[in-house]
10 protein chains.
Amino acid sequence: MLKGIPPIISPDLIKILMEMGHGDEIVLADGNFPSASHANHLIRCDGHGIPELLTAILEFLPIDTYVEFPVVGMDVVSGDTVEPIIWEKYEEIIYEQFNYSFPIKLIDRFEFYERTKNAYAVVATSETAQYANIILKKGVI
Amino acid sequence: MLKGIPPIISPDLIKILMEMGHGDEIVLADGNFPSASHANHLIRCDGHGIPELLTAILEFLPIDTYVEFPVVGMDVVSGDTVEPIIWEKYEEIIYEQFNYSFPIKLIDRFEFYERTKNAYAVVATSETAQYANIILKKGVI
Amino acid sequence: MLKGIPPIISPDLIKILMEMGHGDEIVLADGNFPSASHANHLIRCDGHGIPELLTAILEFLPIDTYVEFPVVGMDVVSGDTVEPIIWEKYEEIIYEQFNYSFPIKLIDRFEFYERTKNAYAVVATSETAQYANIILKKGVI
Amino acid sequence: MLKGIPPIISPDLIKILMEMGHGDEIVLADGNFPSASHANHLIRCDGHGIPELLTAILEFLPIDTYVEFPVVGMDVVSGDTVEPIIWEKYEEIIYEQFNYSFPIKLIDRFEFYERTKNAYAVVATSETAQYANIILKKGVI
Amino acid sequence: MLKGIPPIISPDLIKILMEMGHGDEIVLADGNFPSASHANHLIRCDGHGIPELLTAILEFLPIDTYVEFPVVGMDVVSGDTVEPIIWEKYEEIIYEQFNYSFPIKLIDRFEFYERTKNAYAVVATSETAQYANIILKKGVI
Amino acid sequence: MLKGIPPIISPDLIKILMEMGHGDEIVLADGNFPSASHANHLIRCDGHGIPELLTAILEFLPIDTYVEFPVVGMDVVSGDTVEPIIWEKYEEIIYEQFNYSFPIKLIDRFEFYERTKNAYAVVATSETAQYANIILKKGVI
Amino acid sequence: MLKGIPPIISPDLIKILMEMGHGDEIVLADGNFPSASHANHLIRCDGHGIPELLTAILEFLPIDTYVEFPVVGMDVVSGDTVEPIIWEKYEEIIYEQFNYSFPIKLIDRFEFYERTKNAYAVVATSETAQYANIILKKGVI
Amino acid sequence: MLKGIPPIISPDLIKILMEMGHGDEIVLADGNFPSASHANHLIRCDGHGIPELLTAILEFLPIDTYVEFPVVGMDVVSGDTVEPIIWEKYEEIIYEQFNYSFPIKLIDRFEFYERTKNAYAVVATSETAQYANIILKKGVI
Amino acid sequence: MLKGIPPIISPDLIKILMEMGHGDEIVLADGNFPSASHANHLIRCDGHGIPELLTAILEFLPIDTYVEFPVVGMDVVSGDTVEPIIWEKYEEIIYEQFNYSFPIKLIDRFEFYERTKNAYAVVATSETAQYANIILKKGVI
Amino acid sequence: MLKGIPPIISPDLIKILMEMGHGDEIVLADGNFPSASHANHLIRCDGHGIPELLTAILEFLPIDTYVEFPVVGMDVVSGDTVEPIIWEKYEEIIYEQFNYSFPIKLIDRFEFYERTKNAYAVVATSETAQYANIILKKGVI
C-alpha cells in the first residue's frame, strides 16, 4: 500500500494504467465476461464490482477528449428487456471526476468482444449487474 | 465464475488451495505485510479484507486437527497497547464453519515472518485492522 | 483436495473453468482425439472417461442458454454404422444437473476440429467410447 | 494413447519414469499428501487411486534389488490405532509383477517428507486410504 | 530405461507419440532434411537410421486406417535416376508389424516440406539413404 | 502517465513500491553503485539524480517509525576527507514530506553492500554526488 | 556508467542502438504516446524529455542518407491550431551533430502509429511538448 | 575450443550450422546490416570480417548443388558507382574449398532483406566492405 | 550434418563440448545411470553405446594432462564379481586417439555420483555393459 | 555499429560493462578457460585475442583506484617454466590508457577460478597465449 493510492488498485493495475498511452483502451469486465480469452493483458480483480474500480481508476486515468465517444458500453441484446441501471451509476462516477457527462456509446455484444481483443488490457471483476462491461479510452495529460 | 464458488475466490487462489496438502500453511496477510518479499506463492487480493476471504476459504479448506495449534496469529509487539479485536471476528468465522473454537496461537512478529517463508502461499489483502495476519494449516479430508 | 470439490477435478481444471466466461467453449475429448495439436489450453485427465468428468464439471459450469445449441457432439462419419450410445449417457447427466434436456447438436468431424482450435480449453481423457467428444459452451451466473 | 501403454499412464508420467535411473525414487502420494510443496517433479493424477497406478507403473519400472528396502511406506503415527489394509494390496500387486515379496519398510511421517524432497518425482493421486503413501526406488535393466 | 520400451525411444519421443491423436502426423526425417526449420516439435535422434526408429515406433503407434494413404514418402526429384531401395525396407517393417501392406504415397519434395510444417512432430535422424523421409499418420486404438 | 503520479516514477517503480511491505527496504543508489550485482529487484533510472527520485518516492512511501533508524546512508570511507553535502539535501526532502527529521544512520561501505543484498529493490540512478547512496525502510499506512 | 557515454543512455538503450542496422527505425515518444502497445522493443526513459535524449543518441547513431527523409515527425492533427516549437529545437540538435539540416517529414498521427509498429524500438520519454514524437532511421558507418 | 574447429566458430554457430538442413539458408551480414530485425536465429560475430568467417564455415557446410544459385549477394543500389571487390575474394574462398566456382547471383537490396527473413540464421559480423552481405544455401552430405 | 563431424555428435553435444574449458568434466553415462537427477547439463543419446560416442568425442576433445587421472571410471561394487571388460575397450579407443594409455582411475559408486553433480555435462546413453560409466576431464589446446 | 564504439565491442558486452559498478569485476578469459562453468554473465568473443578486447574495453571502463590491485592475473603453475610475455603487453595497453602502470597481482590458478565465480561477468575469448587470463575491477567516474 502507498499513500494516495486506493487499496483496490493492485500493483499490476497501476502499472498497466501507467503503460497505456493516448488512445489505448482498457475494458472493465463483469464476472461473466470472457476476459481470459479476449485480453492482451489481464488484470484480475475477483470479488470486486465495477463501480468501485471505475471510481479508483478515474482518479488517475485521463479520458480521451479527441474522440466523440471515449466511453463505450455493451448494448442490450436484441430481445432482452432488461434496462441496465448501472449505466447511470457510471455516468455519476464519471461526472464526479470530470464535471462532465461523457455520453456512453453502446455497441453490439460481438462488436464489443472484437474491440476487447484490441484493447491494451482487461480488468476482470466479479460485477453482477447486467450489461456492466465498459471500455475507457485513455487521454492525454 | 462458477456455481458454488464465491466470487472473491480467484482462479489462482482456488488452484493454490487445492495444491496444498496436509500440513502446508497459507498466510492471510494484511495490507502492510511484506508479502511479496516473504511468499513462495503470492496471491494478491487487493482491496479485500481478511474476514471475507477467511470465510470463503474455510468453505473449502480443512484445518489440521493433528496439531495443537493449526491457527496462528501475530502477537502484539511489546510496548504496543492495542488490543486487536479482529481475533474475535476470526474465532466467530472459524466457529461458524467448524462448530469448534480452534485456539489462535500468537507468535512474535519476526517468528511470524520466518514461518511465512516456509508457508506454501501468502494471500496479500488490504486488511487495515491491526495484527490481522493469520496462518492456517491445512488438514485432511 | 478441498471440501466440496470432487477429486477428479484437478487444480488446473478448476482454474480453467473459472477463467472461462460467457460463450467460451471447453472440449471434453476422448483418448484418440488430437488434443495436444488442437488445444489453446490443454488439461490432461489420462485414465478417466468423459461421463465422470462431465458429471463433475457440470456441478460448477453454467451452460449458455443464449444460444440454441450450447452442447455440441461429433457426428458419425459417413459410412460408419456405429450408433453412439454414450450420447444418451450425456443427456442423462445433463438432465440430472439442469432438469432440462439440452439437445446435442452434431457436427462433422473436421468442423469439430476447427471449432476445437477456437475453444478455450481441451480436456484430454482416455474415454474409449466412439464419438464421445463433446463441446460445452459456458453460460452466465 | 499408444499400444501397450495403459491409459492411466500420462505422457509426462512415462517421460519421468524413463528419465529416472538406478537409485532414483518416485513417491506415489495420496490425496492429502503435501505433494506440490515437496516435489522436484510433480505429476498430477487427480481422481485416481494408488493401486491402479502402482499396477501400471510396475509394468515398466524395475525395482532396485541392490538395497534391502526398495519399497518404503509411511508408518502409522504414534497413537493412531488404524491398521492400514492397503499395504496388503500393495504387496499383492508387487508380488503379481515380480513373483517376489519386497518387504515394505515403514518410516516416520516427517522422515517420509524429507525423503520425498530428495525423490526424483511425486505422483499426486486422490487415494483416500490411510497411510497409502509409498516410495519406489528404481532398479536396473 | 523401462521394461518393454526399446532404448532407442527417448523420453521425449515416447511423450510426443502419446500426445499425438487421430490424424496427427509425425515425420521421420533423414540426416539432410531441414528438420529444425520445419518442425512444430523436434525430436533429435542423431546417429540413428530411420529403419530402426520406424521399427521401434510402430510397436506403439497405431496407423490411421480411415484414410487411403496413412504413410507418405518423398518422391524422387524429376531428373534424378536413383531408385530408392529403402522403401522396400519400410514396407517390410510395416508389414511385420501390421500384417498388412500400407501403400506408400509419394509426394513432391516441396509438398512434403509444406506437409511437414503441419505435422505434430519431426524426428531428425542421421539416415543416409536417399529419399528416406517418411510421414506416418496416427490412427485410433 | 497518470494524474497525480510524477513522470519520474516509472510503471515498474510504482509497482515495486506497492509490493513492498512493512520493514522491506529500498536502496537509492548512485551512478557508481554496483546495483545490478547486488539487487533482488533492479529499477533503472539512468540520467536521474537521487534527490528528485527521493522527493517523488516519499510522496507515496511511508517510512517505518517502529525502528530507530529507518533511513540509512553509506559512511565516508576511512581516510577520505570528503564531507558529503547531499545528506543535508536528503534531510530537507524528508523533513518537507514528514515534518520530522529522521536521523540518517551511517554504516560502513561493505555493510551497506550486504544490506543491499537483502533489500527488496535497488533504484539505480546516475547521481554523481559522493556518498549519496541511501536506504529507506517502508512503514505502515 | 562508462567513460564517454552520457548517463542518460541506459545499458538497454545502448544495446538496442547497437543492434539496429541500416534502415531500422527508432521512435522517440512523448509521455502520452501509446508506446507499450506499439513497440517491438520498448525502452523506458521516464522523467526525461526528448531533446536531451536526442542529443545523447545522435552522438552515436548515424542517420540514413540513402533516403530523402530519415527524420519523421507527427503532423498536427487537422483542426488543432498549435504550432509545435519543439521541431526547431530538434533541427538545432540535428544540425549541431551533423552540420546539416535534415528536413523533418511530417506524417499523419495514425500513419505514425502504423510506422511505429514496424520500428525496431520505441523510447518512451516523459516529454510534455506537443507533437514531439519523432522517428530516426539509422544509417551506415 | 575443440580440436579441428577454428576458434572463430562459436558454440552457437556450429550448433546452428548443424541444425540446418538441405535448402536452409544462412546470411553472412556486414556491420551495417539490419541483422537483429530480420533474423530468425541471430549469431553475433562482432569484430570479425566476413571472409574469415566464410572460410571457416565452408570447411563444414556443404553447398546446395540442386539449385542454380546456392550463393546470393546483394546487388549495387542503382546510382551507386562502387564496384565491390569483396566478391572476388568470396569467389576465391569458395573455389579454394570446392574446386568449383559457384556463380554469385545478385539480387536487389530489399529482395535480399525479404529473403533474409526466411533464412534459418543470420551471422552478424563487423565487415566494413561495401555490398559484402552474402547468402549460402546448405546442400547435402 | 556437417562435413567432418560424425553424425552421432548432435548439435547440442558439440556445443557443450566447445563450451567446456580446462578442467571441466563430462560424464558418459550408461542406460541405468541416474543422469537426469545428477546433471548440470544433460545431453541424451538414447539408443547409443558409450564406445561409439567416446570415439567420436575424442576426435574433438583434448584430455587434461595436468592431472594424474583425467579419466575416471566407476569401481565394481564390493561383493560384485563382475569383471568389466568394457574398460579395455575404452583404453583401446583412448590409445587410438592419443597414442598414449591414460590410466583409468576407479572410484566408488557414490563418489562417482557426487563428482557427476559437479561435472559440466552428462551424456545419457543406452550402454548396457556393466560399470561402463566414465568421466573425461577436458584439457587445453 | 555506432559512432565511437569499436566494432569488437558487442551490444551485450557494452551493456554488461555499463551495468557493472564500483568494485564489480570482469574476467577476460583465454580460449581454454572454463568460462561457461564459472561465469555469472558470459560474453562470448570467439576468435578474438585478449589484447584487442582489453584495449577496446579500457576506452570505457574506469579502474578501481581504491584498492591496491585492481588488475589481477593468473600465476604460473608451480613447476611450469613458461615466462608469460603477454603481461608486458597488458601493461603497455593499461599504461597507454591511464598513463599509469597498475601492477598486476598474480594469484594461484584455483584462487583465480574461485574469484571468477564472484565476478560480474566473464569475456570468453580465443586467446592462445599462456597465462593470459586477467581480472579487472571497475572504478568510479
Side-chain angles (χ1 to χ4, degrees), chain B residues 1-26 28 40-45 48 53-66 70-71 93-100 102 119-123 136-141, chain C residues 1-26 28 40-45 48 53-66 70-71 93-100 102 119-123 136-141:
Chain B
M1 294 204 298
L2 294 177
K3 291 183 287 182
I5 298 184
I8 203 172
I9 302 281
S10 70
D12 281 329
L13 177 50
I14 197 85
K15 180 172 180 285
I16 284 289
L17 293 173
M18 287 182 73
E19 287 174 358
M20 289 171 62
H22 185 195
D24 284 331
E25 298 187 337
I26 189 165
L28 306 195
N40 287 303
H41 291 93
L42 179 61
I43 304 291
R44 295 204 69 94
C45 293
H48 292 297
L53 273 158
L54 182 62
T55 305
I57 286 171
L58 291 183
E59 277 187 50
F60 299 95
L61 192 79
I63 292 296
D64 191 357
T65 56
Y66 283 60
V71 183
I93 292 169
I94 292 169
Y95 188 84
E96 185 80 23
Q97 186 60 234
F98 296 97
N99 274 322
Y100 178 76
F102 288 99
Y120 188 69
V122 177
V123 178
L136 306 173
K137 189 183 274 288
K138 189 176 180 179
V140 301
I141 289 183
Chain C
M1 296 204 297
L2 294 177
K3 292 182 287 181
I5 297 184
I8 203 172
I9 303 280
S10 70
D12 281 329
L13 177 50
I14 198 84
K15 179 171 180 284
I16 284 289
L17 292 173
M18 286 182 73
E19 286 174 359
M20 289 171 62
H22 184 194
D24 284 331
E25 299 186 339
I26 190 166
L28 306 194
N40 288 302
H41 291 92
L42 178 61
I43 304 292
R44 294 205 69 95
C45 293
H48 292 297
L53 273 157
L54 181 62
T55 305
I57 286 171
L58 290 183
E59 277 188 49
F60 299 95
L61 192 79
I63 292 296
D64 191 357
T65 56
Y66 283 60
V71 183
I93 293 168
I94 292 169
Y95 187 83
E96 185 80 21
Q97 186 60 235
F98 297 98
N99 275 322
Y100 178 76
F102 287 98
Y120 188 68
V122 176
V123 178
L136 306 173
K137 188 183 275 288
K138 188 174 180 180
V140 301
I141 289 183

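Side-chain atoms are counted along with the backbone in the values below, which use heavy atoms only and exclude waters and symmetry mates. Within every chain, numbering begins at 1; the chains are lettered A, B, ... in the order of the sequence lines, protein sequences first and strands thereafter.
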Original post:
What residue pairs, at least two apart or across chains, pass salt bridge (Lys or Arg N to Asp or Glu O under 4.0 Å) with a residue in residues 3-13 of chain B?
Top reply: B:Asp12-C:Lys15
Subject >> Proximal component of B:Ile5, with respect to chain C [non-hydrogen, under 4.5 Å] >> reply: side chain
Original post:
With a 4.5 angstrom heavy-atom cut-off, which part of B:Leu58 approaches chain C: side chain, backbone, both or neither?
Top reply: backbone
**OP:** Mind listing the closest non-hydrogen atom pair of C:Leu17 and B:Leu2 along with its distance?
**Re:** O-CD2, 3.6 Å
**OP:** For C:Pro7, enumerate each residue passing the side-chain contact (heavy atoms from CB on, under 4.5 Å) test, keeping only those at least two apart in sequence or located in another chain.
**Re:** C:Met1, D:Ser126
